[in-house]
Amino acid sequence: MQVQHFHSWDVTPKEAIQIQQQLRAKVIPHGKVGTPNLIAGADVAFVEDIAHACVVVLSFPKLDVLETVVHKAKVTFPYIPGLLSFRETPALVQAFGKLKHDPDLIFIDGQGLAHPRAAGIACHIGVILDRPTIGCAKSLLFGTYKEPKQARGSVSDLCDDGGGVIGAVVRTKDGVQPVFVSIGHKIDLAQAIELSLACGKGYRIAEPTRQADILAERAKSKGGHGVEQGSQGELF
DNA sequence: GCGACAG
DNA sequence: ATCTTGTCGC
C-alpha cells in the first residue's frame with residue numbers, strides 16, 4: 001500500500017512531543033467503516049536495536065490470514081512512555097509499504113486517543129496511512145476506569161482527568177485481564193469496540209494483532225541477520 | 001518531590 | 001519489549 005510521511009523520524013524526545021501536538025489536529029476521531037473485507041494487524045519484535053516490524057492482512061469475518069510482510073530495520077529512538085510511536089512506527093510504515101493488499105481497517109498494538117496528548121501510535125499510523133485505525137493495548141498508559149464485569153463483551157469507559165471518555169476497557173474473554181481500546185483514526189469508539197470483539201477468536205488478543213504477534217516472534221528467531229534499507233521520509 | 005508509565 | 005520455571009485452570 002502507498003505510504004506518505006509527514007515529518008522526519010530523526011527527532012529528539014522534545015521534538016517528538018511537538019509533533020504529537022500537531023498530529024492531534026490531524027486525527028479524525030469519528031467515522032463509520034462499512035463491514036470490512038480486509039483487516040490488518042501490526043506488531044514489532046526486537047533483538048536489541050533491530051526491529052522486526054510485521055503486518056498481516058486477514059479476511060473478515062472469517063479472519064483467515066491472506067498476506068504477511070516483515071521489515072527489519074535498526075532503531076535508535078528509545079522506549080519512552082508516551083513516545084512509543086517514534087520507536088516503532090518508522091519500521092512499521094516501511095512494512096505497510098510492502099503490502100499488496102489495501103486493508104480497510106488496521107489494528108495497532110498500543111494506544112490511540114487514550115494518550116496524554118491524544119496522539120498514541122494508533123493515531124500516528126492512521127494519519128500517515130490515511131486508514132481507519134483502532135488502538136488496542138494490553139495495559140493502561142493514561143486514564144482511569146472502573147473494572148468491567150467479568151463476562152466477555154463487558155465494557156467500561158476509560159476517562160481522562162476531566163471525566164471525558166478517551167477510550168474503553170473491554171473484556172474480550174471471560175475472567176481475563178481486559179484490553180484498552182481507543183480511536184486511532186477515522187472510526188468512532190462504538191465501532192472500534194464492536195470490531196475488537198468481532199475479531200476475537202477465543203483469545204484475549206484480537207486475531208489481527210495476535211497473528212502479527214506470532215509472525216513477529218517467528219521473524220525474530222528464524223529471520224536473517226541483515227538490515228533492510230528504506231527512506232525515513234521528508235521533513236514538514 | 002513522588003509515583004506512574006503503551007511496547 | 002525481553003528474560004525465564006513452575007503452576008493453576010479449563
Side-chain angles (χ1 to χ4, degrees), chain A residues 9 13 16-17 19-20 23-24 27 41-56 70-96 106-127 133-145 150-152 158-161 166-185 189 192 196 200-206 208-223:
Chain A
W9 288 107
I17 289 175
I19 289 172
Q20 292 185 324
L23 172 68
R24 185 176 194 171
V27 177
D43 191 38
V44 184
F46 290 90
V47 174
E48 299 187 332
D49 59 346
I50 300 300
H52 291 66
C54 302
V55 177
V56 300
V70 179
H71 182 81
K72 286 189 295 179
K74 178 165 184 166
V75 173
T76 55
F77 202 91
Y79 167 66
I80 297 174
L83 298 180
L84 171 68
S85 182
F86 292 83
R87 179 173 172 74
E88 302 194 339
T89 301
L92 278 176
V93 292
Q94 294 296 329
F96 273 104
I106 299 171
F107 271 79
I108 294 298
D109 193 357
Q111 315 291 345
L113 291 182
H115 176 279
R117 287 171 292 283
I121 187 171
C123 298
H124 209 153
I125 290 179
V127 169
T133 308
I134 296 175
C136 206
K138 297 184 291 300
S139 61
L140 178 72
L141 167 66
F142 180 76
T144 57
Y145 65 96
Q150 295 300 304
R152 164 182 161 79
L158 213 202
C159 306
D160 59 24
D161 43 305
I166 57 176
V169 184
V170 182
R171 192 80 68 184
T172 52
K173 182 177 181 184
D174 290 0
V176 304
Q177 285 297 107
V179 295
F180 300 77
V181 177
S182 60
I183 292 170
H185 189 57
L189 185 56
S196 294
K201 274 270 190 172
Y203 299 92
R204 177 167 84 120
I205 305 304
T209 299
R210 203 177 74 82
Q211 287 300 328
D213 200 325
I214 291 172
L215 175 59
E217 189 56 53
R218 299 173 58 198
K220 186 179 60 174
S221 55
K222 299 172 63 179

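Residue numbers start from 1 in every chain, and the chains themselves are labelled A, B, ... in the order their sequence lines are given, proteins ahead of strands. Computed from a predicted model, the values in this text were never measured in an experiment.
Gly82(A) comes within 4.0 angstrom of a base, heavy atoms only. Within 4.0 Å of Ile121(A), counting heavy atoms only, lies at least one base atom of the nucleic acid. Across all strands, Gln111(A) comes closer than 4.0 Å to base atoms (heavy-atom distances). Within the nucleic acid shown, Phe46(A) comes within 4.0 Å of sugar-phosphate atoms alone, with no base atom in reach, counting heavy atoms only. Nucleic acid contact class of Leu83(A) (heavy atoms, under 4.0 Å, all strands): base. Backbone-only contact: Ala45(A) has heavy atoms under 4.0 Å from sugar-phosphate atoms and none from a base.
Nucleotide dA6(B) holds its P atom 17 Å from the CZ atom of Phe86(A), rounded to whole Å. Atom CZ of Phe77(A) is separated from atom P of dG7(B) by 17 Å (rounded to the nearest Å). When the P atom of dG7(B) is taken as reference, atom CG of Asp43(A) falls 9 Å away, rounded to whole Å. If you take CD of Gln150(A) and C1' of dG9(C), they are 15 Å apart, rounded to a whole angstrom. Residue Arg87(A) contributes atom CZ, which lies 11 Å from atom C1' of dT2(C) at whole-angstrom precision. The distance from atom CZ of Arg117(A) to atom P of dC5(B) is 16 Å, rounded to the nearest whole Å. The distance from atom CG of Leu141(A) to atom C1' of dA1(C) is 15 Å, rounded to the nearest whole Å. Between Leu113(A) atom CG and dA6(B) atom P there is a gap of 18 Å when expressed in whole angstrom units.
Residue-environment remark: CZ (Arg218(A)) stays at or below the threshold of 12 foreign heavy atoms within 6.0 Å.
Side-chain atoms of Arg152(A) come within 3.5 Å of backbone atoms of Thr172(A) as a donor-acceptor pair (strictly under, hydrogens ignored). A side-chain donor-acceptor contact under 3.5 Å links Gln111(A) to the backbone of Ser139(A).
In this model, the phosphate group of dG7(B) is approached by a side-chain N or O of Lys138(A) to a distance below 4.0 Å at OP1 or OP2. At dC5(B), none of the side-chain N or O atoms of Ser139(A) fall inside 4.0 Å of OP1 or OP2 (strictly under the cut-off). Side-chain nitrogen and oxygen atoms of Lys220(A) include none within less than 4.0 Å of the OP1 or OP2 phosphate oxygen of dA1(C).
Evaluation of Tyr79(A) against the base of dG7(B) yields a stacking contact (centre distance < 5.5 Å, interplanar angle < 30°).
Nearest heavy-atom pair across Arg171(A) and Pro178(A) is NH1-CD, 3.4 Å.
The side chain to side chain contact (heavy atoms under 4.5 Å, CB included) test with Ile106(A) is passed by exactly one of Ile134(A), Val55(A), Thr133(A): Thr133(A).
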